[in-house]
Amino acid sequence: MNPKCKTYNRKKMVFVFTFCFLIVLVLVGRLVKLMIFESEYYQELAEDLHERERSIKAARGKIVDASGTVLATNRTVCTISVVHSQIKDPEQVIEVLCRELDLPEETVRKRVEKRSSIERVKTNVEKETGDRIREYQLEGVKIDEDFRRYYPYGSLASKVLGFTGSDNQGIIGLEVMYDEYLQGINGTILTLTDARGVEIADAGEERVEPVPGNDLYISLDYNIQLYAQQAALKALEQKQATYVSIIIMNPQNGEIYANVNVPEFDLNDPFTLNTDLDTSGLTDQEKQDLLNQMWRNQSINDTYEPGSTFKVITASAALEKGVVSLTDTFSCPGYRMVEDRRIRCHKVGGHGTETFVQGIQNSCNPVFIDVGQRIGTEDFYHYFQQFGLLSKTGVDLPGEAATIMHKVENIGAVELATISFGQSFQITPMQLATTISSIINGGTRVTPHFGVEIRDREGKVLKELQYESRENVVSKETSDTMRFLMEKVVSEGGGKNARIEGYRIGGKTATSQTLPRGTNKYIASFVGFAPAEDPQVLGIAIIHNPQGVYYGGTIAAPVIQDIFSNILPYLGIEKEEIVSEGEDNG
C-alpha cells in the first residue's frame with residue numbers, strides 16, 4: 001500500500017475520532033449543565049406541564065360600623081370554567097351551560113372549543129346555579145367557589161363605602177382607601193395531568209388555602225346615616241333639588257357619624273345609573289363619565305362657594321386679631337360701595353345701626369365687609385393658613401379637592417369684601433365642617449375620618465388608626481365667643497328653624513349663588529352643633545339648586561333640626577331646662 005495513502009487514512013481517522021470526541025464532550029457538558037446547574041428550572045417546567053392551577057379568591061374583610069352593624073361583607077358565588085382536553089361530550093356541555101348560565105350559544109361554544117389548559121366561562125355565578133351545574137357531573141367542567149362583595153343595605157352610604165371590581169379590589173371609597181387591609185391573599189388548587197392535559201386519576205388535588213382579609217371598623221353609624229339619608233331624600237324631593245349633601249361628625253375628635261350625598265346609588269349594582277336617562281345613543285366614554293359623576297362624593301370631591309356660613313370664620317379671624325368687639329356698632333343701608341362695586345345686603349332696605357352680635361345674627365354683608373377691611377388682606381390670608389383652609393383636611397377618602405383661592409397679591413378691595421362673606425373662592429363641605437369644628441371645640445384642628453380600627457377575623461385589634469391634630473388654631477376665648485354668637489343665630493337670628501326644645505343649638509345659615517352667576521340657581525346651607533356649651537355633634541346640610549324658596553335658614557336649617565331631633569337622644573345627649581334671659585326660675 002502506498003505510504004502516502006496510509007498517512008492520509010490515519011489523519012482521516014484521527015480527524016473523525018477527534019470530531020466525535022468533541023461532540024461527545026459537548027453533549028456531556030450540556031447534560032451536566034441540564035442535570036446539575038439547571039435542574040431546578042427544568043423541574044419547574046415539567047411540573048408546570050403536568051399541573052393545572054386554579055385560583056381560590058380570599059374572602060375580603062368586612063366593613064363594620066360604630067354599632068357593630070356589618071355594612072360590607074361577602075356572598076359565596078361560583079366561577080365556571082372548562083378544560084378542553086377533558087370534555088367528552090362538548091354538545092351536552094354547551095347545551096347545559098347555555099341554559100344554566102343564560103349565555104348565548106356562540107359565546108359558550110367559543111370557550112368550550114378553545115384549546116387551552118383552562119378557559120373561564122363565567123364568574124360571579126350564584127351558588128345555587130353552580131350547585132345545579134355540579135349535579136350534571138359534566139366531564140371537563142370545573143365549578144370553583146368564589147366570593148362577591150355584598151352590601152346588605154344597598155345604597156346606604158354608597159359614596160363613602162365604595163365598591164369593588166371583578167378582581168375583588170376596591171375601586172372607590174373606603175374600599176379602595178383601606179384595600180391593603182381588606183383584601184386577603186388568594187389561594188390555589190393544583191391538579192396533576194398527563195401529557196395530553198387529562199387529569200391523572202386518584203392523583204388528588206394540592207390546595208394552598210387563601211388567607212382572608214382583615215375587618216375595617218369605622219365611626220360611621222348605621223342609624224345616624226339612615227336618619228340623615230331620610231332627611232336628605234325628603235329635602236331632595238320636596239325642593240326638587242339637584243342633590244343634597246349632609247355631614248354629621250364629632251367636632252372634638254373628627255369622627256364622622258354620617259355622610260350622605262343623595263341621590264346615592266346601589267352598591268350591589270354600581271354600574272347601573274341611578275337615573276331614568278336614556279343612554280342608548282351615548283358613547284362608552286359618555287356612559288363612563290355619567291358613572292363617574294354618579295360615584296362622586298360631593299362633600300369631598302367637589303368645591304363650592306360657602307356663602308354666609310363662612311362668616312363664622314371671618315368673625316373668628318377678627319376676634320383673634322382683636323379688631324372687633326361684641327359691642328362694636330355698624331351701619332347697614334342695604335348695600336356697601338367697594339371701589340366701583342355696589343355690594344348688596346340680603347335685606348334691601350338695610351338693617352340700619354346694629355352691633356356686631358346683631359350683624360352675625362342678621363347675616364349682614366355690609367357688617368362683614370367692614371370687618372374684612374379691618375382684618376386686611378395680608379392678615380386674612382394668614383388666618384386662612386392658620387385655620388387650615390389652604391391645606392386639605394386629610395379625610396380618609398380618595399379624591400379630596402383642594403381649596404380654590406386667590407393668590408394673596410391678587411386680592412384687591414373687592415375680592416377682600418366678597419371673601420369676607422364667603423364668595424369668590426371655593427372650599428369643600430368637609431373643609432368647612434372641619435374648620436368650624438376647630439373654632440367651636442376650643443381651637444383644635446382635627447382630621448375628619450371614618451377609619452377607627454383594623455381587626456382580624458376573631459375580633460382581635462391589629463391596628464388602631466391614628467390621625468393628626470393641631471392645637472391653638474384659635475384661642476379658647478375666641479372659641480367661647482363664637483359658640484355664644486352662633487347660639488344667638490339659632491335662638492334669635494336667621495337660624496330659628498334649627499331650634500329644638502330642651503337643647504341649646506348653635507349654627508349659621510347661608511344662601512349663595514351657583515357659578516356662573518346669573519343663572520338663578522342657588523345653594524342653601526346650614527351648619528349647626530349641639531350642645532352649644534360643649535359641642536358633641538356638628539352637622540352641615542347643603543341643598544343644591546332647590547326650586548321655589550331657596551334660603552338656607554328656611555329650607556336647610558330644618559334638615560339639621562330634623563336629624564338632631566333624632567340623633568341627640570340616640571347619642572345620649574339629654575335635654576336640659578333652658579331658662580330665657582330675665583326669666584325667674586324661682
Enquirer: Angle class for the Phe271/Phe163 ring planes (parallel below 30°, perpendicular above 60°, tilted otherwise)?
Expert: perpendicular
Enquirer: Using the test side chain to side chain donor-acceptor pair (under 3.5 Å), find all partners of Ser316 that sit at least two apart in sequence or belong to another chain.
Expert: none
Enquirer: Would a distance-only check, ignoring hydrogens and angles, find a side-chain to backbone donor-acceptor pair under 3.5 Å from Thr279 to Leu282?
Expert: no
Enquirer: Using side chain to side chain contact (heavy atoms under 4.5 Å, CB included) as the criterion, list what pairs up with Lys62, not counting sequence neighbours.
Expert: Val64, Val70, Thr73, Asp215, Arg457
Enquirer: Could you give all pairs that pass the ring-ring contact (aromatic ring centres under 6.0 Å, His included) test and reach residues 211-261, with sequence neighbours left out?
Expert: Tyr153-Tyr222, Tyr243-His544
Enquirer: With a sphere of 6.0 Å drawn around CD of Glu209, does it hold more than 12 non-hydrogen atoms of other residues, nucleotides or ligands?
Expert: yes
Enquirer: Can you tell me if NZ on Lys287 sees more than 12 non-hydrogen neighbours from other groups inside 6.0 Å?
Expert: yes
Enquirer: With Asn74 as reference, evaluate Arg149, Arg148, Arg60, Lys57 under the side chain to side chain donor-acceptor pair (under 3.5 Å) test and give the passing residue.
Expert: Arg149
Enquirer: Would you say Glu400's side chain and Gly394's backbone share a donor-acceptor pair under 3.5 angstrom?
Expert: yes
Enquirer: Which heavy-atom pair separates Ile563 from Ile248 by the least distance, and what is that distance?
Expert: CG2-CD1, 4.0 Å
Enquirer: Between Arg120 and Ser81 (side chain of the first, backbone of the second, donor and acceptor by atom type, cut-off under 3.5 Å), is there such a pair?
Expert: no
Enquirer: Have a look at Ile80 and tell me which of Thr123, Val141, Thr129 forms a side chain to side chain contact (heavy atoms under 4.5 Å, CB included) with it.
Expert: Val141
Enquirer: Kindly say whether Val446 contributes a backbone atom to a donor-acceptor pair with the side chain of Ser469 at under 3.5 angstrom?
Expert: no
Enquirer: Kindly say whether Gly451 contributes a backbone atom to a donor-acceptor pair with the side chain of Tyr467 at under 3.5 angstrom?
Expert: yes
Enquirer: Would you sort out whether Gln288 and Asn292 count as a side-chain hydrogen bond (donor to acceptor under 3.5 Å, both in side chains), showing the intermediate values?
Expert: CA-CA 6 Å; Gln288 186 59 54; Asn292 291 337; 3.0 Å; yes
Enquirer: Has the side chain of Thr314 got a donor or acceptor atom that lies under 3.5 Å from a matching backbone atom of Phe421?
Expert: no
Enquirer: Any salt bridge between Arg75 and Glu126, counting N to O under 4.0 Å?
Expert: yes
Enquirer: Output side-chain donor-acceptor pairs under 3.5 Å for residues 473-483, partner residues at least two apart or in another chain, one line each.
Expert:
residue : atom : partner : partner atom : Å
Ser475  : OG   : Glu320  : OE2          : 3.0
Ser475  : OG   : Thr478  : N            : 3.1
Ser475  : OG   : Thr478  : OG1          : 3.1
Lys476  : NZ   : Asp480  : OD2          : 2.9
Thr478  : OG1  : Glu320  : OE2          : 2.5
Ser479  : OG   : Ile439  : O            : 2.7
Ser479  : OG   : Gly442  : N            : 2.9
Ser479  : OG   : Arg483  : NH1          : 3.1
Asp480  : OD1  : Arg483  : NH2          : 2.6
Thr481  : OG1  : Glu477  : O            : 2.9
Arg483  : NE   : Ala532  : O            : 3.4
Arg483  : NH1  : Ile440  : O            : 3.0

Enquirer: Step through the shown structure and confirm whether more than 12 heavy atoms of other residues, nucleotides or ligands are within 6.0 Å of CZ on Arg470.
Expert: yes
Enquirer: Which residue pairs satisfy the salt bridge (charged side-chain N to carboxylate O under 4.0 Å, His left out) criterion with at least one member in residues 527-543, sequence neighbours excluded?
Expert: Arg504-Glu533
Enquirer: Do any N or O atoms from the side chain of Asp396 and from the backbone of Phe450 form a donor-acceptor pair under 3.5 angstrom?
Expert: yes
Enquirer: Looking at Ile543 and Ile555, what are the two nearest heavy atoms and their distance?
Expert: CD1-O, 3.6 Å
Enquirer: Between Ala232 and Val262, what is the shortest heavy-atom contact and its length?
Expert: CB-CG2, 3.7 Å
Enquirer: How far apart are the closest heavy atoms of Ile224 and Ala258, and which atoms are they?
Expert: CG2-CB, 3.8 Å
Enquirer: With sequence neighbours excluded, what pairs up with Thr272 under the side chain to side chain donor-acceptor pair (under 3.5 Å) test?
Expert: Asp269
Enquirer: Test your reading of the model: is there a side-chain donor-acceptor pair from Asn214 to the backbone of Leu182, 3.5 Å cut-off?
Expert: no
Enquirer: Going by side chain to side chain contact (heavy atoms under 4.5 Å, CB included), name the residues that satisfy it together with Asn261, two or more places apart in sequence or in a different chain.
Expert: Lys159, Ser245, Asn259, Glu264, Asn297, Gln298, Ser299
Enquirer: Among residues two or more places apart or on two chains, list those pairs meeting salt bridge (charged side-chain N to carboxylate O under 4.0 Å, His left out) that have a residue in residues 224-253.
Expert: none
Enquirer: Can you name the nearest heavy-atom pair linking Pro531 to Ile573, along with the distance?
Expert: CG-CG2, 3.7 Å
Enquirer: For residues Ala401 and Thr303, report the shortest heavy-atom separation together with the two atoms involved.
Expert: CB-CG2, 3.8 Å
Enquirer: Looking at Gln240, I'd like to know if its CD atom is crowded, meaning that more than 12 non-hydrogen atoms belonging to other residues, nucleotides or ligands lie closer than 6.0 Å.
Expert: no
Enquirer: Would you check if the side chain of Gln547 reaches a backbone N or O of Asn545 as a donor-acceptor pair within less than 3.5 Å?
Expert: yes
Enquirer: Run the side chain to side chain contact (heavy atoms under 4.5 Å, CB included) test against Ser525 and tell me which residues pass, sequence neighbours left out.
Expert: Thr309, Ala510, Ile542
Enquirer: Ser424: what forms a side chain to side chain contact (heavy atoms under 4.5 Å, CB included) with it, not counting sequence neighbours?
Expert: His406, Thr418, Ile419
Enquirer: Kindly state each residue pair satisfying salt bridge (charged side-chain N to carboxylate O under 4.0 Å, His left out) with at least one member in residues 242-259, sequence neighbours excluded.
Expert: none
Enquirer: Mind checking side chain to side chain donor-acceptor pair (under 3.5 Å) for Glu453 and listing every partner two or more places apart, or none if nothing turns up?
Expert: Arg455
Enquirer: Do any N or O atoms from the side chain of Lys508 and from the backbone of Lys311 form a donor-acceptor pair under 3.5 angstrom?
Expert: no
